[in-house]
Amino acid sequence: MVPHVLIVDDQPGICLLLEEILKQEEIKVSIATDGRKALDMTNKNQYDVILLDYHLPLYNGKQVIKELEKKDYKTSIIVMSGTSRENVEVLSQNPLVKKIISKPFDIQELRNFVLSILPKSS
């Protein structure tokens, strides 16, 4: 089964870069540009990993995670943030959040981490 990753970021350049890198690994990629769209997409699809920007229009990353918890949505989340780490550190207590990375980030390091947490096909 092809892994499916949801990229949630309001910066088109970041979305395109991440999409290109992940598609090279034969990963299916979907993109949401705001928190509300991301939540709508999770109502229709199950994603293996969500790359979630902390600062988003409509719903921020913290609100998206809270809503996913309410619906008992099980997935691995990587939070991307351009803000100070202290502001998002509280999210690291959440079992869905596997990593918090600061922008700008090392694209190869992020790719490798995504690959390491994807479910292994049997």
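Atoms considered below: every heavy atom in the structure, side chains included; atoms not considered: hydrogens, waters and symmetry mates.
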What do the steps show when you test I14 against I7 for side chain to side chain contact (heavy atoms under 4.5 Å, CB included), and what is the final call? CA-CA 9 Å; I14 289 178; I7 300 168; 5.5 Å; no

Expected output: side-chain K62 to main-chain Y59 donor-acceptor under 3.5 Å: no

May I ask whether L22 and L16 are part of the same hydrophobic cluster, defined by side-chain heavy atoms of I, L, V, M, F, W, Y residues being less than 4.5 angstrom apart, directly or through others? no

Could you grab the distance from atom CD of Q63 to atom OH of Y54, nearest 0.5 Å is fine? 8.5 Å

Which distance, rounded to the nearest 0.5 Å, do you find between the CG of D106 and the CZ of R111? 10.0 Å

CG of D40 to CG of N45, rounded to nearest 0.5 Å, is 11.0 Å

Might you point out which heavy atoms bring V2 and K28 nearest each other, and give the distance in Å? CG1-N, 3.7 Å

Would you call D10-K37 a salt bridge at under 4.0 Å N-O? no

Would you say L68 and I50 make side-chain contact, with heavy atoms under 4.5 Å? yes

Could you pull out the closest heavy-atom pair between L39 and V64, with the gap in Å? CD2-O, 3.9 Å

So CG of L110 and CG of L115: to nearest 0.5 Å the spacing works out to 9.5 Å

Which residues pass the salt bridge (charged side-chain N to carboxylate O under 4.0 Å, His left out) test with K66, sequence neighbours left out? none

Quick test of your reading: applying ring pair (Phe, Tyr, Trp, His ring centres under 6.0 Å), list the pairs with at least one residue in residues 14-53, sequence neighbours left out, ordered by first then second residue. H4-Y47

Where the side chain of D53 meets the backbone of L56, is there a donor-acceptor pair that is under 3.5 Å apart? no

Please walk me through it: do D9 and I31 pass side chain to side chain contact (heavy atoms under 4.5 Å, CB included)? CA-CA 8 Å; D9 201 305; I31 295 174; over 6 Å; no

Taking D48's backbone N and O only, do any of them form a donor-acceptor pair with T75's side chain (distance below 3.5 Å, no angle check)? yes

What pairs with K71 under salt bridge (charged side-chain N to carboxylate O under 4.0 Å, His left out), at least two apart in sequence or on another chain? none

Is there a side-chain contact between K103 and Q11 (heavy atoms, below 4.5 Å)? yes

Counting heavy atoms not belonging to E26, are there more than 12 under 6.0 Å from its CD? no

Taking atom NZ of K98 as the centre, does the number of heavy atoms from other residues, nucleotides or ligands within less than 6.0 Å exceed 12? yes

Are any non-hydrogen side-chain atoms of Q108 and I21 less than 4.5 angstrom apart? yes

Evaluate the side-chain proximity of M80 to L52: yes if any heavy-atom separation is below 4.5 Å, no if none is. no

I want to check something: taking the side chain as every heavy atom from C-beta on, are L118 and V49 in contact at a cut-off of under 4.5 Å? yes

Is the shortest heavy-atom distance from the side chain of V114 to the side chain of L51 under 4.5 Å? yes

What is the minimum heavy-atom distance between Y73 and Q46, and which atoms define it? OH-CA, 3.2 Å

Could you state the interatomic distance from CZ (F105) to CD1 (I78), rounded to the nearest 0.5 Å? 9.5 Å

Gap separating the CG atom of L96 from the OG atom of S76, nearest 0.5 angstrom: 8.0 Å

Any side-chain heavy atom of S30 within less than 4.5 Å of one from M41? yes

Just wondering, do N94 and E69 contact through their side chains at under 4.5 Å, heavy atoms? yes

